[in-house]
Visitor: 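Take a look at the following structure, please.
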Amino acid sequence: MSSEQQNTTNIPPIFLKPYEPSEHEARLYKMWEESGFFNPDICIEKGITKADAETFSIVMPPPNANGSLHAGHALFVTVQDIMIRYARMQGKRTLWIPGADHAGFETQIVYEKKLEKEGRSRFQMTSEELYAEIMQFTLANKDFMLGQIRELGASCDWSRLLFTLDPRVIDIVYKTFKQMEEDKLVYRGARIVNWCPKHQTSLSNLETKSVERKDPFYYFQYGPFVIGTARPETKFGDKYVVVHPDDTRYAEFTHGQQIELEWINGPITATVIKDEASDPDMGSGAMTITPWHSGVDFEIAKRHNLDYEQVIDWKGKLLPIAEEFTGMNIMEARAKIVEKLEAKGLLVKIDSEYMHSVPCCFKCEREIEPQIRDQWFVTTKPLAEKALGAVADKKVTFVTEAQERVFKHWLENIEDWNISRQIVWGIPIPAKICTKCGHGMVDLEDTITECTKCAGQVEKDPDTFDTWFSSGQWPLATTNYPDSQDFADYYPTSVMETGKDIIFFWVSRMIMFGLYRTGEVPFKSVYLHGMVLDKQGKKMSKSKGNVIAPSEIQSKYGTDALRMGLIVNNAPGTDMNLDPDKINANKKFANKLWNITRFVLDATADLPSGATLTEEDQANIATILTVNTTEITKYMNTDRFDLASEKIYHFVWDYFASELIEASKPLLASNDTAVRASRQALLAEYLVTSVKLLHPFMPFVTEAIWQELPKTMKDQDILMVAPWPTN
RNA sequence: GCGCGCAUAGCUCAGCUGGUUAGAGCGUUCGCAUGACAUGCGAAAGGCCCCAGGUUCAAAUCCUGGUGCGCGUACCA
């Protein structure tokens, strides 16, 4: 193209160089935000949306306000923004409520690591000091992170932003807690909990992870029995030996029989217990139990009303019951105990090939020490049953059936949920604890002064809630349950879109709490996306150095390219490998669209108004444009954004650009003005439709183009609220 | 151990309510400055659709078994 020819066209100068995302994204987001159209109330006010239009709502999973956004965040923002932009263009009353999560334990750990680096420790601070510092840290991160969500193009309603420590949230959580006490769905009791000796707090089952390991498995002579164990250090308190009632090897022993025997620190009296929990096929079929430090043993002890004795302290060191081993770290003690038992001739054999998996703290990977501790628990069975009922009744559906099966399996096998945490960063448990009998009483008004059970002294519960106890009520908080208009209009929300890794942590709890408080499910469908992995399919982690930061991708390739890269070829529920080459391919696609626009605007500069289409061009629209629009819409309606985006990509590139534009060149040069005008109108139609279809996926480049289109081509000033193409 | 899932082109993955020559992106090879675009255009190569059985006129697609991998969950006797 010569420079003279450039000057004779009316191509807006913006198109005379390649699409440069950084020149447009910030100004376009500002324009959207200032338009007010993220807020459905304003859309109605300005006549964009009908007041009685169908609603579409999503509650955003509030990102943890303790760092910057990772690729997983970028994925969920993208998927939800696609849903939201599509719904808005369809004319629905569309609401997306953003939030930010204080993220309890997670954030406290991030902050503790920071303290460690500074040579400080939370154990040298008062709770108030620590809380204040973490609050400051979290609020700073929150603003930073919300800025990054804006940069991803999220068209959420910022006027409804909610933080998980907002008084409104706490109020709902407290009322739920109180109501659950009345309904006997929470209780405080001494039960086995997952104790992390490093973090000095109990954890829910979900907050532990199994680590596969090979450990020596020891067989010891225990009076007339041979018992097996991988944990000799817990055996000081063992004075019960359990065998299966039907195990003929032990038929001579009776339940309750007492036996004198030589043990680690001298002679002891052991009692024989017959219980079906003992597996005859495992080892010798005889086992000793440590009720204070094992869930299974705890249950056996409970059944037979046996004694409990703590052997290991909260820091993971042996207590005085261990006599000469007192104060030793368990790993150090293990070897010494084995040595001693061997010297006493009580070591039978060692199996060095024993594989088992050990529950570890999901954050620090230190071995969990099961401990008995007075904690608050939720009785989950009745709540789970209601949730299962709602799934069975299709009140809530899952985007892939496989996810529904996983979900049901978990609910069917659910156990009581430990909801108290010994950390400061969280919502305090509003309760009084009896110093004498340990009884717990929910006390919202701070009025309880003595134990309702034993009239003993009470003190304030020092613990905080498991974050998921409050997060589970997030749909209620964000819609301002119970008396708000938002709750009436938008609850249950249309879809819960989140990562499949938190299906149990979060999705299940929201369904249980939603049903419990309101009688209705909190959302009608659950769309679970997979994990974003690196190019080779490995989990991204800082230590591996394979983390792809969204912000870096955005500055290199543009936000639209990142969004497309995250969506195309990523079927719902499956993990995806994020490959920068793929993002680069979509950067090129944005530029392609840019150049298509340049061509079409140039070719249609003298487009007469009201040009009629030739028969050929009418047929083209009917057989190609309409068909593609219909198919893409069908994919959108079934949440197959991976297929919809791929289809648009090929439609725009392979058909519109490669075929239609090429075929149009001779027609545009035609002397037949009717043919020429018809083709001009056809190209304009294709451009407008393409840009609309692409907008949910690539909001920035499409809006940038839209803003340059002549008014005659547009049915709205802002593409974000333009109507979705229909037939 | 139990549950869920995956196995298709060099790589990453679609397709799988069974039906013409199995698709895409990236990559590779060859050729092109073609008046929108070299962030481009045109072409090409590349696949016992994991294995073995079965159902069927017909199987990548459904069933059974096996192998390999991933995830979840239990068990520390």
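We name chains A, B, ... by the order of the sequence lines, and we start the count at 1 in each one.
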Visitor: Using the P atom as the point on both nucleotides, what is the distance between B/G27 and B/C11, in whole Å?
Guide: 15 Å

Visitor: Under 4.0 Å, heavy atoms only, any strand: does A/Asp579 hit a base, just the sugar-phosphate, or nothing?
Guide: nothing

Visitor: Taking a pair as Watson-Crick or G-U wobble with both distances under 3.5 Å, which nucleotide is matched to B/U20?
Guide: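 Looking at the geometry, B/U20 pairs with no nucleotide.
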
Visitor: State which of B/G40, B/A36, B/C76 makes the closest approach to the side chain of A/Lys588.
Guide: B/G40

Visitor: Show the numbers, then the answer: is there a side chain to side chain contact (heavy atoms under 4.5 Å, CB included) between A/Cys196 and A/Trp314?
Guide: CA-CA 8 Å; A/Cys196 174; A/Trp314 306 105; over 6 Å; no

Visitor: With a non-hydrogen cut-off below 4.0 angstrom, is A/Ala657 in contact with a base, only sugar-phosphate, or nothing?
Guide: base

Visitor: Decide whether a cation-pi geometry holds between A/Arg509 and A/Trp417; the criteria are a distance under 6.0 Å from NZ or CZ to the six-membered ring centre and an angle within 45° of the ring axis.
Guide: yes

Visitor: How is A/Phe15 classified with respect to the nucleic acid when contacts are heavy atoms under 4.0 Å: base, sugar-phosphate, or nothing?
Guide: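 No contact.
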
Visitor: Using the C1' atom as the reference point in each nucleotide, state the distance between B/G23 and B/G15 in Å, no decimals.
Guide: 7 Å

Visitor: Report the nucleotide, chosen from B/U39, B/C76, B/A36, that has the shortest atom-to-atom distance to any side-chain atom of A/Glu662.
Guide: B/A36

Visitor: Only pairs with both distances under 3.5 Å count, Watson-Crick or wobble alike; so what is the partner of B/C26 in this structure?
Guide: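 Checking every strand shown, B/C26 finds its partner in B/G10, with both distances under 3.5 Å.
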
Visitor: How many Å lie between CG on A/Leu578 and C1' on B/U12, as a whole number?
Guide: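 Roughly 11 Å, once rounded to whole Å.
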
Visitor: Rounded to the nearest 0.5 Å, how far apart are CD1 of A/Ile705 and CZ of A/Phe700?
Guide: 14.0 Å

Visitor: For A/Phe697, is the NZ or CZ atom of A/Arg563 found under 6.0 angstrom from the centre of its six-membered ring and inside 45 degrees of the ring axis?
Guide: no

Visitor: For the residue pair A/Phe504 and A/Trp410, is the inter-centroid distance of their aromatic rings smaller than 6.0 Å?
Guide: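 Yes, close enough.
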
Visitor: Tell me what A/Leu668 touches on the nucleic acid: a base, only sugar-phosphate, or nothing, going by heavy atoms under 4.0 Å.
Guide: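 Answer is nothing: A/Leu668 stays at 4.0 Å or more from every strand.
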
Visitor: Please work out if A/Val242 contacts a base, only the sugar-phosphate, or nothing of the nucleic acid, heavy-atom cut-off 4.0 Å.
Guide: nothing

Visitor: Using the P atom on both, measure B/A22 against B/C48 and round to a whole Å.
Guide: 13 Å

Visitor: Please give the distance between the C1' atoms of B/U28 and B/A9 as a whole number of Å.
Guide: 12 Å

Visitor: Over all strands shown, is A/Ala277 touching base, sugar-phosphate only, or nothing at heavy-atom distances under 4.0 angstrom?
Guide: base

Visitor: Taking the C1' atom of each, how far is B/A45 from B/G31, in whole Å?
Guide: 14 Å

Visitor: Classify the nucleic acid contact of A/Lys500 as base, sugar-phosphate or nothing, counting any heavy atom under 4.0 Å across all strands shown.
Guide: nothing

Visitor: Residues in side chain to side chain contact (heavy atoms under 4.5 Å, CB included) with A/Asn671, at least two apart?
Guide: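 Side chain to side chain contact (heavy atoms under 4.5 Å, CB included) list for A/Asn671, sorted by chain: empty.
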
Visitor: Just to be sure I understand the rule, does A/Thr288 reach a base, reach only the sugar-phosphate, or reach nothing, if contact means heavy atoms closer than 4.0 Å?
Guide: nothing

Visitor: RNA chain B: A/Asp297 or A/Lys209, which has the more 5' nearest nucleotide?
Guide: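 Comparing both residues, the 5'-ward one is A/Lys209.
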
Visitor: What interatomic distance, in whole Å, is found between P of B/G40 and the corresponding atom of B/G25?
Guide: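 One P to the other, the span is 12 Å.
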
Visitor: Looking across every strand, which nucleic acid part, if any, lies under 4.0 Å from A/Tyr19 by heavy atom: base, sugar-phosphate, or nothing?
Guide: nothing

Visitor: Let's test this: given Watson-Crick or G-U wobble pairing with both distances under 3.5 Å, identify the partner of B/G5.
Guide: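 Paired with B/C69.
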
Visitor: When you get a sec, tell me which of B/A36, B/G72, B/G42 is the closest nucleotide to the side chain of A/Phe504?
Guide: B/G72

Visitor: Quick one: which of B/C76, B/C4, B/G25 gets closest to the side chain of A/Arg405?
Guide: B/C4

Visitor: Which nucleotides of nucleotides 15-24 of chain B have their base under 4.0 Å from a protein heavy atom (B), which only their sugar-phosphate (S), and which neither (-), written as one string 5' to 3'?
Guide: S--------B

Visitor: To the nearest 0.5 Å, tell me how far A/Thr234 OG1 sits from A/Asp297 CG.
Guide: 8.0 Å

Visitor: Write down the distance separating the C1' atoms in B/A7 and B/A43, rounded off to the nearest Å.
Guide: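 B/A7 and B/A43 have their C1' atoms separated by 33 Å.
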
Visitor: Looking only at side chains, do A/Thr208 and A/Asn194 share a donor and an acceptor under 3.5 Å apart?
Guide: no

Visitor: My understanding is that a pair needs two contacts under 3.5 Å, Watson-Crick or G-U wobble. By that rule, which nucleotide pairs with B/C62?
Guide: B/G54

Visitor: In Watson-Crick or G-U wobble terms, both distances under 3.5 Å, what is the partner of B/G40?
Guide: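 Looking at the geometry, B/G40 pairs with B/C32.
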
Visitor: Is a salt bridge present between A/Asp575 and A/Lys500, judged by a nitrogen-to-oxygen distance below 4.0 Å?
Guide: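 A salt bridge links A/Asp575 with A/Lys500.
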
Visitor: Hey, is A/Arg213 close enough to A/Asp215 for a salt bridge, meaning N to O under 4.0 Å?
Guide: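 Counted as a salt bridge, because a side-chain N and a carboxylate O are separated by less than 4.0 Å.
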
Visitor: Write down the distance between NE2 (A/His409) and C1' (B/G72), rounded to a whole number of angstrom.
Guide: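 Atom-to-atom, A/His409 to B/G72, this comes out as 9 Å.
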
Visitor: Determine the Euclidean distance between corresponding C1' atoms of B/A60 and B/C51; express it in Å to zero decimal places.
Guide: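 These two C1' atoms come out 14 Å apart once rounded.
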
Visitor: With nearest nucleotides of RNA chain B determined for A/Glu415 and A/Pro18 from heavy-atom distances, which residue corresponds to the more 5′ nucleotide?
Guide: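 Result: A/Pro18.
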
Visitor: Hey, does A/Phe589 reach any base, or is it just sugar-phosphate, or nothing, if we go heavy atoms under 4.0 Å?
Guide: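 No contact at all - A/Phe589 keeps every heavy atom at 4.0 Å or more from the nucleic acid.
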
Visitor: Which nucleotide in the list B/G40, B/U12, B/A36 gets nearest to the side chain of A/Ile596?
Guide: B/A36

Visitor: Please pick, from B/A74, B/G25, B/A36, the nucleotide with the shortest atom-to-atom distance to any side-chain atom of A/Arg598.
Guide: B/A36

Visitor: To the side chain of A/Asn595, which of B/C76, B/C37, B/U12 is closest?
Guide: B/C37

Visitor: My understanding is that a pair needs two contacts under 3.5 Å, Watson-Crick or G-U wobble. By that rule, which nucleotide pairs with B/G46?
Guide: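 B/G46 is paired with nothing.
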
